[in-house]
Each structure stands twice: as structure tokens, then as C-alpha cells.
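As the structure lists them, so they are numbered: ligands from 1, and atoms in each ligand from 1.
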Amino acid sequence: MKFRTVIGLEIHVQLSTRTKAFCSCPADVFDLPPNTAVCPVCTGQPGALPVVNKQMVDYAIKLALALNCRVNEYSRFDRKNYFYPDLPKGYQISQYFYPLAVGGYMDIDVDGTTKRIRIRRLHLEEDAGKLVHEGDSITQAKYSLVDMNRCGVPLVEIVTEPDLSSPKEARIFTEKLRSILRYLKISSGDMEKGALRCDANISVVDLERNVSSNRVEVKNMNSFRFIEKALEYEEQRIMEALMRGENVEKETRGWDLATKTTVSMRGKEEESDYRYFPEPDIPPIVVSKEEIERLRSSLPELPDEKKLRFVQVYGLPEYDASVLTMDEFVADFFESCVELTGKPKETSNWIMTEMLREMKELENEELKIKPEHIAELIKMVDQGEISIKTAKEIFPEVFRTGKMPSQIVEERGLRQLSDERTIFEIAKKVIDENPQVVSQYRSGKKSVLSFFVGQVMKQTRGTANPKLVNEVLRRLLEG
Ligand code: ADP
Ligand code: ZN
Ligand code: MG
């Protein structure tokens with residue numbers, strides 16, 4: 001049977017503004033004690049009036065422009081009414097009828113090809129509070145507490161068209177979005193802290209019978225890996241239903257970390273009625289064309305443009321350019337290195353493999369490595385002072401201590417041995433000690449050369465120049 005998977009995402013991004021969306025409480029509440037960043041406005045006291053945060057609007061417009069959206073000169077807030085204990089006002093301020101921006105797209109790299117994912121809309125809204133269940137378990141808790149710090153924290157919601165066709169694409173899309181958020185410096189993009197939250201809608205089409213399954217919404221995926229895992233699980237579950245000639249419920253499911261499955265959260269039979277209506281306490285947002293253009297010209301060079309420049313200016317393969325431009329810091333680091341080395345591809349190899357591997361292990365520590373370190377490593381290898389193997393061996397120490405490679409090489413006596421006379425003497429000794437292997441070589445078994453090379457390397461603790469060792473040995477054995 002042939003299937004096609006259809007996925008669309010609804011992503012919430014927390015904006016890193018100084019204050020909340022409609023009041024002057026701090027917006028970064030992650031580490032604050034419960035209910036310490038609240039005021040009459042964000043807790044919905046009667047008579048308190050919201051005031052729009054200009055920084056929030058500017059940040060959202062920047063994001064809309066970075067995602068190639070059309071920014072509406074007129075947009076408006078609406079009330080989305082529902083009851084929940086963490087929502088003291090009884091409604092959430094959102095944008096429903098007139099969103100801030102529509103009709104954008106983002107290109108993603110999937111297995112070496114570029115795919116365009118359309119963005120349907122991008123709008124502003126406020127976050128709700130948080131319930132804290134006793135003992136951390138909803139079912140066993142004797143009571144639950146409400147923390148209202150998060151009420152009124154500014155969010156942008158991004159809704160894609162159902163253009164994604166695999167769980168992997170959904171993960172790549174979200175990763176690329178985080179990269180853009182960080183370039184723009186408008187959100188931390190930290191999924192584990194809830195600053196980037198992804199809900200996915202998935203359905204599967206049976207291409208032979210030309211029928212589509214119902215659509216399932218998957219929530220609670222708080223890491224990139226879980227986005228992919230949860231959707232793979234769900235894709236499989238839907239396909240199996242189709243193969244049995246059945247369908248799945250139209251419902252909302254949550255990723256359950258403990259069982260690595262999705263579990264039903266609520267049916268979607270009756271659409272909730274939020275009775276949206278215009279927010280009477282906030283005037284419409286009117287942005288002039290000039291203001292939009294001013295924000296557009298303030299955008300930094302974004303990953304796609306930077307990638308293209310890296311290919312054109314440095315002659316890098318697309319793959320390298322793509323990896324190096326994911327993170328702006330890494331991209332800048334690369335450019336500073338190349339200024340010193342003049343060798344883009346060698347520099348890229350070091351950064352993409354050794355440096356990114358070490359960076360992954362780092363936890364909030366200060367980075368000690370500087371472009372000078374990489375430049376010196378490359379130079380020492382090029383000039384035959386150390387082998388590439390030695391260079392890779394000492395890299396973790398360079399990275400962690402910030403010592404110059406030359407210093408580590410001196411301290412550990414790793415300088416490459418390129419003195420022909422010394423190598424000759426060691427080679428001669430090895431040959432004299434192994435007459436049987438020598439006669440094997442001389443009777444045509446040339447492969448034993450590697451035995452001699454290994455012996456010489458051992459005696460020089462791996463520092464002998466391998467090319468020279470091979471030459472000298474061959475000369476001795478054949479001469
Ligand atoms: P709803 O009104 O139920 O919220 P929307 O049309 O607003 O539905 O779409 C919500 C999300 O569902 C969007 O991200 C959209 O891309 C996605 N979506 C729409 N149709 C499908 C489908 N057939 N399969 C998977 N996702 C879909
Ligand atoms: Zn407040
Ligand atoms: Mg919707």
C-alpha cells in the first residue's frame with residue numbers, strides 16, 4: 001500500500017521582551033517564585049486596562065518579515081473566551097479576525113534538496129498561567145496550585161499550511177525556526193523552557209484508495225527529538241488503521257515520555273466555541289508602510305542569505321554552509337578563522353566536526369577556544385609540524401583549556417618527527433630485528449610494509465611523519 005503523510009504545525013514562540021504583553025510586569029518569569037510577577041492587568045482584575053507593548057509588536061513584525069509574510073497595516077486583538085483555572089480573566093487576548101501577518105514561507109533543507117513550507121498566518125497573543133499539581137501527578141494530586149506569573153507573557157503563534165510530508169521535515173522546520181528566532185534575538189527558542197512550543201496536525205492519505213484519514217493533533221512535544229518521535233509513532237498508528245480499512249478518531253493526543261507513545265487527551269468531536277469578539281479595551285494596531293520598511297532594513301543577515309554567501313564567497317559545499325550558518329555564533333567564528341587561515345574548506349572541516357562536537361558537550365560554560373587556536377592547528381598540520389591525527393588528539397584539550405596548540409605539543413612532546421636521519425636509524429633497527437618479515441617482503445608479500453610502519457610509529461609514539469617513514473622503509477627493504 002502507498003501512503004502520503006500530511007503535517008501542519010501550530011507553533012507558539014515566547015518573545016523575549018522586557019515586560020509582558022499588556023502590563024509592566026517582567027516577561028522572563030521562568031526562574032521566578034510563583035505569583036511574584038503579577039499585577040491587576042495580567043491577573044484580570046475588574047477595571048484594569050491593558051496597554052500594548054511596542055517591543056512585542058516590533059519583534060513579531062521582524063519575525064513575520066523574516067518568514068516572508070505580508071504584514072498587515074491594520075490588525076486587531078480579539079478575546080478568545082474559555083474557562084480554565086489558570087486563566088483568571090476567563091478569556092485570552094489573541095488575534096483572530098485580523099492577524100498581524102499572513103502568507104509567508106520558510107525554506108528547509110531535506111536530504112540535500114530545498115523544500116518550501118508555506119506559512120498561513122502569524123499572530124500575537126498572551127500566555128496563560130500554569131497549574132502546579134501536588135506531587136507532579138494530575139491523577140494522584142490531592143490539590144493543585146495556580147502560578148499566574150506566565151499570564152500575559154507575549155507569544156507569537158505561527159500556523160503553517162499542511163506542506164510538511166514527514167516527521168523529519170517537521171523537526172527540521174522547527175529547528176530552522178529556532179535558528180531564525182536566535183538570529184533575530186527576539187526569543188531564546190528554548191524548547192525545554194517552553195519558549196518554543198510545537199503542536200502538530202497529522203493525517204495520512206491512502207494513495208491507492210484515494211482516501212484520507214482523520215486529522216490528529218499531537219501536543220506536549222518539548223524537544224526536537226520528541227517532535228520526530230511522536231509524529232513517527234502517530235504516522236505508524238494511523239497507517240495501521242488505514243491498512244485495516246479503519247480510521248482514527250479526530251482528536252487531540254499527547255506525547256507520553258514514559259511509554260514513548262501518544263495518548264488520547266480529548267476528542268475533537270465538537271469544536272469548542274470560543275465566541276471570539278473584538279477586544280474592546282485595546283485599539284487596533286496600525287503600522288505604516290514606512291515603519292514596516294524600517295523594521296525590514298533592521299533585520300540581520302539571516303541563515304539563508306548567509307548560507308548563500310558562504311557558498312559564493314568561500315566556495316563551500318552547500319552542506320557545509322548550511323551547518324555553519326545554523327548558529328550565528330558559529331558562522332561568525334568560522335569567518336574570523338578564515339580571515340586568519342585563508343583556507344575555507346579546511347577551516348570548515350575543523351569547525352563542523354571537532355568544534356561542534358565539543359560545543360555539544362558544553363553546558364553554560366564560557367567558550368575558551370578562539371579563532372587563533374584553529375588557525376594555529378591548521379598551520380601546524382600544513383607545515384608538517386604535527387600530523388592530522390595528533391591535531392585531532394589535542395583538540396579537546398585546546399578547546400577545554402584555551403591553551404595554544406603549540407604549547408600542548410611542546411608539553412606533551414608531540415612535535416612531528418620529520419628528521420630523515422632519525423627515522424632512518426629507527427627504521428634500520430626495526431628491520432634488523434625482524435629478519436623473517438623482511439624475507440617475506442622480499443619474496444613478494446609487500447603488504448608486510450604496514451607492519452614495519454606500525455613498528456616505527458610505535459617507537460616514535462606516533463610522531464614520525466608517516467610519508468617519510470614509508471619512503472625510508474621502502475628504500476631500505478628494496479635497496
Ligand atoms: P482548525 O480550524 O481545526 O484549527 P486549521 O485549518 O486552522 O484547522 O489548521 C490547523 C492546522 O492543521 C494547520 O497547521 C494546518 O496546516 C493543519 N492541517 C490542515 N489540514 C490538515 C491535514 N489534512 N492534515 C494535517 N494537517 C492539516
Ligand atoms: Zn502584570
Ligand atoms: Mg486553528
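A ring-centre distance under 6.0 Å is not found for Tyr96 and Tyr274.
If you check each of Thr160, Val204, Asp199, Asn201 against atom 15 (C) of ligand 1, the one with the closest non-hydrogen atom is Thr160. In the candidate list Glu217, Arg118, Arg120, Arg120 is nearest to atom 9 (O) of ligand 1, counting heavy atoms.
Here the angle centred on the Zn ion (ligand 2), running from SG of Cys23 over to SG of Cys42, is 110°, rounded to 10°.
For the pair Arg178 and Glu175, the salt-bridge criterion is not met [side-chain N within less than 4.0 Å of a carboxylate O]. Salt bridge annotation for Asp107-Lys307: absent, with no cationic side-chain nitrogen under 4.0 angstrom from a carboxylate oxygen. Lys54 has a carboxylate O that lies under 4.0 Å from a charged side-chain N of Glu291, or vice versa, which qualifies the two as a salt bridge. A salt bridge is defined here as a Lys NZ or Arg NE, NH1 or NH2 lying under 4.0 Å from an Asp or Glu carboxylate O, and Asp304 with Lys176 meets this definition.
The shortest N or O to N or O distance between Pro162 and ligand 1 is below 3.5 Å. In terms of polar-atom proximity, Arg215 is counted as a contact of ligand 1, with an N or O under 3.5 Å from an N or O of the ligand. Of the polar atoms of Ile202, none of the N or O atoms is found under 3.5 Å from an N or O of ligand 1, judged by distance alone.
Ligand-side atoms of ligand 1 in range of Glu161: 16 (O), range being under 4.0 angstrom from any heavy atom. Residue contact check: Ser203 has heavy atoms under 4.0 Å from atoms 22 (C), 23 (N), 24 (N), 25 (C) of ligand 1. Taking a cut-off of under 4.0 Å to the non-hydrogen atoms of Leu9, the atoms of ligand 1 that pass are 14 (O). Remark: ligand 1 atoms within the under-4.0 Å shell around heavy atoms of Gly8 are 14 (O), 16 (O), 17 (C), 26 (N). Each of the atoms 13 (C), 14 (O) of ligand 1 lies under 4.0 Å from some heavy atom of Val159.
In this structure the side chain of Leu100 never reaches within 4.5 angstrom of the side chain of Val156, judged on heavy atoms.
Using modelled atom types, one side-chain atom of Asp273 and one backbone atom of Arg275 make a donor-acceptor pair closer than 3.5 Å.
Below 30°, between 30° and 60°, or above 60°: for Tyr98 and Tyr74 the angle between ring planes is above 60°, a perpendicular geometry.
Inclusion of Cys151 in the first shell of the Zn ion (ligand 2) is not supported: no N, O or S atom falls under 2.8 Å.
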